[in-house]
Amino acid sequence: MGFFTKDNKSMEDLFLHGLQDVYYAENQIVKSLPTMIEKATNRELATALRNHLKETENQVARLDQVFERLGRDPKGTDCPAIDGLIKEASEVTGEVEDKKVLDAAVIGSAQAIEHYEISRYGTLIAWAEELRQDNVVRLLNANLKEEKAADIKLSGLAESKINRKATTGHRTAAQRAATKRRTGTSAKRPARRKK
Ligand code: ZN
Ligand code: FE
Ligand code: FE
Ligand code: FE
């Protein structure tokens with residue numbers, strides 16, 4: 001169901017819809033992460049995703065508690081956004097043959113999902129605070145913290161090694177010839193600046 005249907009009458013309804021939306025999203029993520037883990041060839045990446053799968057299962061359990069505290073049955077509602085992100089992830093990673101490039105694709109897709117979750121939890125926490133639902137803020141915050149940590153972890157892996165591995169050593173003859181035409185040398189890429 002979309003966010004702005006007629007049955008979203010009040011802020012409470014909107015909040016409940018948001019919870020059902022993220023509940024659906026977390027459950028879809030639990031289902032889709034194993035495929036991402038299978039595709040990852042970098043061991044650290046696979047481990048990071050595996051750890052986040054465990055966290056995600058626990059996030060679903062926290063959301064169960066949120067519903068319980070609100071006196072509601074845990075229930076999901078279709079979230080076209082997460083369906084789209086997961087579909088895009090499987091399309092993009094399905095197109096990549098080079099294993100190193102595939103790792104970079106997996107990280108990019110996983111981070112899109114983390115950012116989606118971060119956005120949703122940020123909003124839900126702000127609404128929960130405004131609605132004085134203080135008893136669920138701590139649980140939502142715990143999920144948000146894990147999403148942020150997962151995102152930072154993935155950025156670290158991408159920027160410290162995985163993107164580099166995906167980029168170097170795979171210049172085609174045509175790329176080298178183009179560089180030579182442009183610069184008069186077949187020089188490699190300029191050295192990266194140290195941070
Ligand atoms: Zn929705
Ligand atoms: Fe999550
Ligand atoms: Fe897209
Ligand atoms: Fe996540």
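Start at 1 and go down the list; that is how both ligands and their atoms are numbered.
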- prompt: Mind counting the protein N, O or S atoms sitting less than 2.8 Å from the Fe ion (ligand 2)?
  reply: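 The number of such protein atoms is 5.
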
Lys/Arg N to Asp/Glu carboxylate O, K161 vs E44, below 4.0 Å: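 Between E44 and K161 there is a salt bridge, with a charged N closer than 4.0 Å to a carboxylate O.
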
field: Cluster overlap V96 with L157, hydrophobic side-chain contacts below 4.5 Å
entry: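 Yes; L157 is reachable from V96 via cluster members.
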
Member of R120, Q59, R62, K148 meeting the side chain to side chain donor-acceptor pair (under 3.5 Å) criterion with N143: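 Exactly one pass, corresponding to R62.
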
query: Have H52 and E146 got a donor and an acceptor in their side chains that come within less than 3.5 Å?
result: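 Result is no, nothing qualifies.
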
task: Check side chain to side chain donor-acceptor pair (under 3.5 Å) between D103 and all other residues, then give those that pass, not counting sequence neighbours.
output: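 D103: side chain to side chain donor-acceptor pair (under 3.5 Å) contacts with T41.
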
task: Mark yes when over 12 heavy atoms from residues, nucleotides or ligands other than D73 sit less than 6.0 Å from its CG; otherwise mark no.
output: no

